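Read through the structure below, which is laid out as structure tokens, and then see the notes.
No experiment lies behind these values; they were computed from the predicted model shown. Labels below follow one simple rule: chain letters A, B, ... track the order of the sequence lines, proteins then strands, and each chain is numbered from 1.
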Number of protein chains: 2
Amino acid sequence: MTARGAEKPAGRRAGTAPQQAQPTSRREILDVAARCLRQRGYRATTLRDIAAMVGIKAGSVYYHFASKEEIVAAVMNDGVDNVFDAVTGALAALPAGATPRQRLEAAISAHLNALLAFSDYTSAGLKAFADAPEAVRQSAKPHRRRYEAVWMTLIEELAQAGATPPGVSAETLQLALLGMMNWSPEWYRPGRHSIERLAREFTSLFLRAS
Amino acid sequence: MTARGAEKPAGRRAGTAPQQAQPTSRREILDVAARCLRQRGYRATTLRDIAAMVGIKAGSVYYHFASKEEIVAAVMNDGVDNVFDAVTGALAALPAGATPRQRLEAAISAHLNALLAFSDYTSAGLKAFADAPEAVRQSAKPHRRRYEAVWMTLIEELAQAGATPPGVSAETLQLALLGMMNWSPEWYRPGRHSIERLAREFTSLFLRAS
DNA sequence: GTCTATATGAAGATAGAC
DNA sequence: GTCTATCTTCATATAGAC
């Protein structure tokens, strides 16, 4: 899995020079598309916009991709794989004897960071999914299922350790937790909220007093 | 505040008769627009679609409304006022000595019912808000603030009664709770989930063992 | 690889007849 | 109140020159 993220394309254009000479890469187009999709959603993101931001004309995009749907599907799927890597990586990096609280907080923190700070791809995928054509949504399904399984496994592990609140099913726990996090782009403001603090507080909600 | 909801327009067209004779009302157009906006979002909802579903031609819509934005703003604002009425009504209907759990569960239940079952307006407003033009979003602000204040008040009341989990600020509590609920249209399926059960389980997450 | 030019099809909105 | 007809704009996508 290669690098995917919110980083700007390599500094090909020196300073403010508006013209370019180097050829455009697929990744460069995807980076710009992810940023657009995140900000504006599926319908409001146009190939003209993307092309202009990359420094080429709209027609030239079709040298790299067969359709808008192909671009959106690539962004969405990279986005899900992105959080998947972030969350599984964070869990794997914990010491063997980590507490339920440490594991849940690490996973929540990784998810929030991908969504709110690191990856235009991840937030673009969330925002564009509902409006994307059926074919795009279908192609995203396996990626999403794989990611959801990570959370289901984690929650069941916590439940078996007796760490989750009583009277709430694992399924509801998962839906509530992901919903709480996935809605956060609607209200999160970088200067106003601290991701680490949010992760800590969100974690408290899903563990019985510990 | 007049009736607003997901009810189909009055049975003007007998049975399956495709044609109509009676004049179209503003409310009828808004009902159809709300349904469209809920299903397809702002950009994918066209005046042509709305007109066709109401039984008139696209141009005729402009007899009733000055623009698409005016329609969307009306739907969104009615939608917020809708949940506001539902939640404040549910709280007011409780007996004086209701417990924190009863009050929170009543509010959550009212919100979920508006969002998932009763009101196309409410869910349309949530779905279309992010993509709507700035002018529409601005007009929604006072309605949204008034509604959010209801939750802030309720949560602070619960916090003072010592019913909320320790170590989580009232602001985070509110953002987490509304996010959890507002994301539910993404996964809720009428046959598969029970709104009353969800309300009960969601409530448990936000109250310390009681 | 990128360009220009263009085909094709909507969309929102308006004018004026009925 | 609703229609038809149309203006204008902007979208995805294609063809072929450079």
Side-chain angles (χ1 to χ4, degrees), chain A residues 9-10 12-13 17-33 36-37 39-76 128 131-137 139, chain B residues 9-10 12-13 17-33 36-37 39-76 128 131-137 139:
Chain A
R12 209 177 53 189
R13 290 171 278 267
Q19 297 302 350
Q20 70 174 78
Q22 316 297 334
T24 304
S25 69
R26 266 177 80 96
R27 182 91 273 153
E28 216 168 337
I29 293 174
L30 290 178
D31 282 345
V32 166
C36 267
L37 287 166
Q39 291 167 353
R40 308 207 251 279
Y42 178 76
R43 308 286 283 220
T45 295
T46 72
L47 294 176
R48 284 172 157 77
D49 288 344
I50 295 171
M53 291 173 69
V54 156
I56 61 178
K57 299 294 176 181
S60 309
V61 172
Y62 288 87
Y63 175 80
H64 302 276
F65 295 92
S67 66
K68 179 180 177 179
E69 293 194 16
E70 189 184 310
I71 297 176
V72 176
V75 167
M76 277 187 24
D131 296 331
E134 183 57 26
V136 176
R137 287 211 301 278
S139 91
Chain B
R12 209 179 51 194
R13 291 172 277 268
Q19 297 302 348
Q20 71 174 80
Q22 316 298 332
T24 305
S25 70
R26 267 176 80 97
R27 183 92 273 152
E28 217 169 335
I29 293 174
L30 290 178
D31 282 345
V32 166
C36 266
L37 287 166
Q39 289 167 353
R40 308 209 251 280
Y42 178 76
R43 310 288 285 221
T45 295
T46 72
L47 294 177
R48 287 175 159 78
D49 287 344
I50 295 171
M53 290 174 69
V54 156
I56 60 178
K57 300 295 177 181
S60 309
V61 172
Y62 288 88
Y63 175 80
H64 302 276
F65 295 93
S67 67
K68 178 180 178 179
E69 292 194 16
E70 189 183 311
I71 296 176
V72 175
V75 167
M76 277 188 24
D131 295 332
E134 184 58 23
V136 176
R137 286 210 300 279
S139 91

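- Proximity of A:Asp131 to B:Asp131: side-chain heavy atoms (C-beta onward) are separated by under 4.5 Å at one or more points.
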Between the protein and nucleotides 3-5 of chain C, which nitrogen or oxygen pairs come in under 3.5 angstrom?
unit_1: C:dC3; atom_1: OP2; unit_2: A:Lys57; atom_2: N; d: 2.5
unit_1: C:dC3; atom_1: OP2; unit_2: A:Ser60; atom_2: OG; d: 2.9

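- Remark: A:Thr46 is not in phosphate contact with D:dC10, judged by side-chain N or O atoms under 4.0 Å from OP1 or OP2.
- Rounded to whole Å, the distance from CZ on B:Arg43 to C1' on C:dA11 is 10 Å.
- Annotation: side chain to side chain donor-acceptor pair (under 3.5 Å) contacts of A:Ser60 (sequence neighbours excluded): none.
- When the P atom of C:dG1 is taken as reference, atom NE2 of A:His64 falls 7 Å away, rounded to whole Å.
- Partners of B:Arg48 under the salt bridge (charged side-chain N to carboxylate O under 4.0 Å, His left out) rule, at least two apart in sequence or in another chain, do not exist in this structure.
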Pairs: protein N or O with nucleotides 6-8 of chain D N or O, under 3.5 Å:
none

Practice task
Check the pair A:Phe65 / A:Leu30 against side chain to side chain contact (heavy atoms under 4.5 Å, CB included), numbers first and verdict last.
Solution key: CA-CA 10 Å; A:Phe65 295 92; A:Leu30 290 178; 3.7 Å; yes

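- Rounded to whole Å, atom P of D:dA13 lies 11 Å from atom CD1 of A:Ile50.
- Closest to the side chain of B:Leu47, out of C:dG12, D:dT2, C:dG1, is C:dG12.
- Side chain of B:Glu70 to main chain of B:Ala66: a donor-acceptor pair is present (N/O by atom type, distance under 3.5 Å, no hydrogens or angles).
- Taking the side chain as every heavy atom from C-beta outward, B:Leu47 and B:Tyr62 approach each other to under 4.5 Å.
- Between A:Cys36 and A:Ile50 the shortest heavy-atom distance is SG-CG1, 4.5 Å.
- Every residue two or more places apart in sequence or in another chain that forms a side chain to side chain donor-acceptor pair (under 3.5 Å) with B:Thr46 is listed here: B:Asp49.
- In this structure B:Arg43 satisfies the salt bridge (charged side-chain N to carboxylate O under 4.0 Å, His left out) test with no other residue, sequence neighbours excluded.
- The phosphate of C:dT14 has neither OP1 nor OP2 within less than 4.0 Å of any side-chain N or O from B:Tyr62.
- Remark: P of C:dA10 and CZ of B:Arg40 are 14 Å apart, rounded to the nearest angstrom.
- Scanning residues 65-76 of chain A for heavy-atom distances under 4.0 Å to DNA chain D yields A:Ser67, A:Lys68.
- Residue pairs meeting the salt bridge (charged side-chain N to carboxylate O under 4.0 Å, His left out) criterion with at least one member in residues 57-69 of chain B, sequence neighbours excluded, do not occur.
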Exercise for the section: Take A:Leu37 and A:Ile71 through the side chain to side chain contact (heavy atoms under 4.5 Å, CB included) test and state the conclusion after the steps. Expected result: CA-CA 10 Å; A:Leu37 287 166; A:Ile71 297 176; 5.6 Å; no

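- The bend of the helix from C:dG1-D:dC18 to C:dC18-D:dG1, defined by the angle between the axes of its first five and last five pairs, stands at 0° to the nearest 10°.
- Between A:Val54 and A:Val61, the closest side-chain pair of non-hydrogen atoms is not below 4.5 Å.
- Every residue meeting the side chain to side chain contact (heavy atoms under 4.5 Å, CB included) condition with A:Gln39, not counting sequence neighbours, appears here in chain and number order: A:Arg35.
- A straight line from OH of B:Tyr63 to C1' of C:dC18 spans 15 Å, rounded to a whole angstrom.
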